[in-house]
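Right, one structure below, let's go through it.
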Protein chains: 2
Amino acid sequence: MQERTDTIPGHLAVTLASRGDGRRAHDRRGNAYAAECPTRQLLDRIADKWSVLILLLLGEEDLRFSELKRRIGGISQKMLAQTLRALERDGLVLRAVEPTVPVTVTYSIAPLGRGLMAACRSMLEWAETCMVEVAAAQRAYDLRRETAES
Amino acid sequence: MQERTDTIPGHLAVTLASRGDGRRAHDRRGNAYAAECPTRQLLDRIADKWSVLILLLLGEEDLRFSELKRRIGGISQKMLAQTLRALERDGLVLRAVEPTVPVTVTYSIAPLGRGLMAACRSMLEWAETCMVEVAAAQRAYDLRRETAES
DNA sequence: CAGCATCCATGACGATACTG
DNA sequence: CAGTATCGTCATGGATGCTG
């Protein structure tokens, strides 16, 4: 920040420089670690279980509201509506209304949202792949805590 | 699944087949869309803003508790402790205690957690890249709603 | 019947105070 | 410093009712 390198020993300056590396994201396009940054707020919305599951499903095929609700176990009508709305507002999901009787509403992935699919999918893939190892880690952790309680 | 195509009309068989395509994930390694599935529960834990931010930071360097708290804007002590513990239990993060006075606790990314980094990073990258477009989409959406309120 | 709005109970979350 | 405990608050979820 300041040009006080003259008063800083060489090895410390190096340390500070490598520190700066960690802040690269900050310099680039906003600091996602700052609560007020728009990038962080966007991340908060997409790094969410409901958003990820919805995007994952819509990435495979267009779906109606009730179909989404039926496929995503444990989601409430309220959270589904709320999340879909946020995704639509962010331009990640498209909402198409067919004027039938009764009305038919179909949700699909928007071009902007398609870019997110890769990240969501690799998260899912990772979960599927590592589930067994994670379960083992949990057992080991619980066992360690249990025996330590003596 | 079954060889009963003989009793199923042609067009229905096709419908069922394309249905099966959507269930591919189900056949592979558990159904992440079912609330009770361990894979889904794991996904719920990692598709979380705090988890993603913590993993992202620890992926760059080892950090102490207070340092993490200071870097992640808006996180409470409680959520940080809680999330770190869940990540540690899942084997994604390592917790090293140095018996100094007062104690020094350093968190680092575990081998298992390193595999998740790519997904977290691409999520962050996407957010940084598309933030502007998303903001535009939001304005468009809000404007549309506003004018529709006439 | 699809989809959204409203009410209420519950659990997650955040701020503060306190301990090893 | 690194947490745990407590409590007040707010978001989440479930049930219900409304509209087209």
Side-chain angles (χ1 to χ4, degrees), chain A residues 33-36 40-41 43-54 57-58 62-89 93-108 141 144-145 148-149, chain B residues 33-36 40-41 43-54 57-58 61-89 93-108 141-142 144-145 148-149:
Chain A
Y33 301 110
E36 333 77 44
R40 160 66 179 277
Q41 288 161 10
L43 190 66
D44 288 352
R45 254 168 290 137
I46 60 175
D48 168 77
K49 57 177 177 176
W50 299 134
S51 298
V52 169
L53 287 169
I54 291 172
L57 280 175
L58 293 183
D62 300 356
L63 290 170
R64 311 251 299 272
F65 185 90
S66 53
E67 184 68 12
L68 278 166
K69 169 139 176 50
R70 203 155 45 70
R71 293 213 194 175
I72 303 177
I75 195 169
S76 66
Q77 213 173 28
K78 190 182 185 177
M79 284 315 293
L80 180 55
Q82 197 170 301
T83 309
L84 278 173
R85 216 170 295 212
L87 292 175
E88 186 197 357
R89 190 172 105 100
V93 154
L94 297 173
R95 181 174 180 273
V97 183
E98 265 184 284
T100 53
V101 179
V103 129
T104 303
V105 179
T106 305
Y107 292 92
S108 59
Y141 179 92
R144 234 180 298 137
R145 297 239 101 201
E149 254 167 35
Chain B
Y33 300 111
E36 331 77 44
R40 161 67 178 278
Q41 289 162 11
L43 190 66
D44 287 353
R45 254 168 290 137
I46 59 175
D48 168 78
K49 56 177 177 178
W50 300 134
S51 298
V52 169
L53 287 169
I54 291 173
L57 280 175
L58 293 183
E61 55 180 323
D62 300 356
L63 290 170
R64 311 252 298 274
F65 185 89
S66 52
E67 184 67 13
L68 278 166
K69 170 144 176 44
R70 204 152 43 70
R71 292 214 195 176
I72 302 177
I75 196 169
S76 66
Q77 219 172 21
K78 185 183 185 177
M79 285 315 294
L80 180 55
Q82 196 170 300
T83 309
L84 278 172
R85 212 177 283 240
L87 292 175
E88 187 198 356
R89 190 173 104 99
V93 154
L94 296 174
R95 181 175 181 271
V97 184
E98 265 184 283
T100 53
V101 178
V103 282
T104 304
V105 180
T106 305
Y107 292 92
S108 59
Y141 180 92
D142 293 343
R144 235 180 298 137
R145 298 237 102 201
E149 254 168 33

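Treat the numbers as computed from the prediction; the structure is a model and nothing was measured.
For B:Arg64 and D:dA2, the shortest distance from a side-chain N or O to OP1 or OP2 is below 4.0 Å. The phosphate of D:dG3 (OP1 or OP2) has a side-chain N or O of B:Tyr107 nearer than 4.0 angstrom. Between C:dA2 and A:Arg70, no contact under 4.0 Å exists linking OP1 or OP2 to a side-chain N or O. Taking only side-chain nitrogens and oxygens, A:Arg95 never comes nearer than 4.0 Å to OP1 or OP2 of C:dA2.
Listed by chain and number, the residues in a side chain to side chain donor-acceptor pair (under 3.5 Å) with B:Arg64 amount to none (sequence neighbours excluded). Judged as a side chain to side chain donor-acceptor pair (under 3.5 Å), and not counting sequence neighbours, the contacts of B:Arg95 are B:Tyr107.
Atom-to-atom, CG of A:Leu63 to C1' of C:dG3 comes out at 16 Å; the value is rounded to the nearest Å. The separation between B:Leu68 atom CG and D:dG3 atom P is 10 Å, rounded to whole Å. Here D:dG20 presents its P atom at 18 Å from CZ of A:Phe65, a figure rounded to the nearest Å. For the pair A:Leu84 CG and C:dG3 P, the interatomic distance rounds to 10 Å; values are reported in whole Å. Distance CD (B:Glu67) to P (D:dG3): 14 Å, rounded to an integer number of Å. Across the protein-nucleic acid pair, A:Lys69 atom NZ and D:dT12 atom C1' stand 13 Å apart, rounded to whole Å.
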* Asked: Given the rule in the side chain to side chain contact (heavy atoms under 4.5 Å, CB included) test, do B:Asp62 and B:Leu94 qualify, once you have shown the distances and angles that lead to the verdict?
  -> CA-CA 10 Å; B:Asp62 300 356; B:Leu94 296 174; over 6 Å; no
* To do: Check the pair B:Gln82, B:Trp50 against side chain to side chain contact (heavy atoms under 4.5 Å, CB included), reporting the backbone distance first and the verdict last.
  => CA-CA 10 Å; B:Gln82 196 170 300; B:Trp50 300 134; over 6 Å; no
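Ionic pairing of A:Arg70 and A:Glu67 is present here: one or more N-O contacts between side-chain nitrogen and carboxylate oxygen are shorter than 4.0 angstrom.
Looking at heavy atoms from C-beta onward, B:Val97 lies out of side-chain contact with B:Thr106 at the 4.5 angstrom threshold.
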* Structure fact -> Reading nucleotides 6-20 of chain C from 5' to 3' and marking B where a protein heavy atom lies under 4.0 Å of the base, S where only the sugar-phosphate is that close, and - otherwise, the string is -B-----BB--B--B
